[in-house]
Amino acid sequence: QVQLVESGGGLVQAGGSLRLSCAASGRTFSRNAMGWFRQAPGKEREFVARITWSGGGLYYADSVKGRFTISRDNAKNTVTLQMSSLRPEDTAVYYCAADSRAYSSKNQFDIWGRGTQVTVSS
């Protein structure tokens, strides 16, 4: 069974940091683009960051650029989102996602985790 499991969410004060991890199981994702998305209460899910299969391409939403860093460890089948200078507006459920197509650059994320809650207090 293919699974993505997020961890590392929690409650943090504004200005603080959190490190989210996504562990993949059931297959390797070393040849697949991976990404992070988030959904705040009452809002649609939005893109946060993505990383190409090789790790050579990193892309961020403007709202998190310079504060968040996405990385991957293909040997461990994991993807990480390092978040710093957190703001109350970063509060959301954060989801890890994968594009099941190897070497694809179309960013059609079709495998999703269940999410982890991040709450930033002011």
Side-chain angles (χ1 to χ4, degrees):
Q1 182 181 2
V2 176
Q3 275 190 316
L4 299 177
V5 179
E6 303 92 339
S7 62
L11 174 64
V12 64
Q13 288 189 331
S17 298
L18 279 176
R19 185 180 179 90
L20 304 184
S21 293
C22 173
S25 61
R27 56 163 283 185
T28 178
F29 286 93
S30 62
R31 297 170 293 174
N32 304 84
M34 303 285 291
W36 287 93
F37 294 75
R38 67 187 181 186
Q39 187 167 19
K43 295 187 177 181
E44 293 188 355
R45 187 169 58 194
E46 64 175 2
F47 164 75
V48 174
R50 62 180 173 90
I51 184 168
T52 57
W53 68 271
S54 66
L58 309 176
Y59 305 90
Y60 299 94
D62 288 343
S63 59
V64 307
K65 204 170 291 183
R67 300 188 297 121
F68 291 10
T69 302
I70 188 171
S71 61
R72 66 189 299 159
D73 186 333
N74 284 341
K76 296 182 179 179
N77 224 16
T78 59
V79 177
T80 298
L81 185 68
Q82 178 67 48
M83 307 186 295
S84 60
S85 301
L86 283 162
R87 306 166 180 169
E89 54 264 39
D90 294 318
T91 295
V93 177
Y94 283 72
Y95 298 91
C96 176
D99 183 337
S100 63
R101 289 155 286 266
Y103 308 122
S104 173
S105 60
K106 294 184 177 180
N107 304 309
Q108 295 171 321
F109 295 100
D110 55 350
I111 301 175
W112 295 84
R114 290 190 170 186
T116 185
Q117 176 70 47
V118 171
T119 302
V120 185
S121 64
S122 57

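Everything quoted here is computed from the prediction, not taken from an experiment.
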If you group Ile, Leu, Val, Met, Phe, Trp and Tyr by side-chain heavy-atom gaps below 4.5 Å, do [X] and [Y] land in one group?
X     : Y      : value
Val48 : Tyr95  : no
Tyr60 : Ile51  : yes
Val12 : Phe68  : yes
Phe47 : Trp112 : yes

Heavy-atom pair of closest approach, residues [X] and [Y]:
X      : Y      : answer
Ser30  : Asn77  : N-OD1, 4.2 Å
Cys22  : Met34  : SG-CE, 4.4 Å
Val118 : Met83  : CG2-CE, 3.9 Å
Asn107 : Ala33  : OD1-CB, 4.3 Å
Arg101 : Gln108 : NH2-O, 2.6 Å
Ala23  : Thr78  : CA-CG2, 4.2 Å

Between atom [atom1] of [X] and atom [atom2] of [Y], what is the distance when rounded to the nearest 0.5 Å?
X      : Y      : atom1 : atom2 : result
Asp99  : Ile111 : CG    : CD1   : 8.0 Å
Arg19  : Thr69  : CZ    : OG1   : 9.5 Å
Leu20  : Thr80  : CG    : OG1   : 8.5 Å
Arg114 : Cys96  : CZ    : SG    : 14.5 Å
Gln13  : Ser122 : CD    : OG    : 9.5 Å
Leu4   : Ser25  : CG    : OG    : 7.5 Å

Open item on the list: Under a 4.0 Å threshold between the charged nitrogen and the carboxylate oxygen, would Lys65 count as salt-bridged to Asp62?
Closed with: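 Yes, this pair counts.
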Judged by atom type as modelled, is there a donor-acceptor pair below 3.5 Å linking the side chain of [X] to the main-chain atoms of [Y]?
X     : Y      : value
Asn32 : Ser100 : yes
Thr91 : Val120 : yes
Asp90 : Ser63  : no
Glu46 : Arg38  : no
Arg67 : Ser85  : yes
Glu6  : Thr116 : no

TODO: From the options Trp36, Phe29, Phe37, select the one residue that forms a ring-ring contact (aromatic ring centres under 6.0 Å, His included) with Phe109.
DONE: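 Going through the options one by one, the only one that passes is Phe37.
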Task: Stepwise side-chain contact (heavy atoms from CB on, under 4.5 Å) check, Ile70 with Tyr59 - done: CA-CA 8 Å; Ile70 188 171; Tyr59 305 90; over 6 Å; no
Open item on the list: Using side-chain heavy atoms (C-beta onward) and a distance below 4.5 Å, is Gln117 in contact with Leu11?
Closed with: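 No, too far: nothing below the 4.5 Å cut-off.
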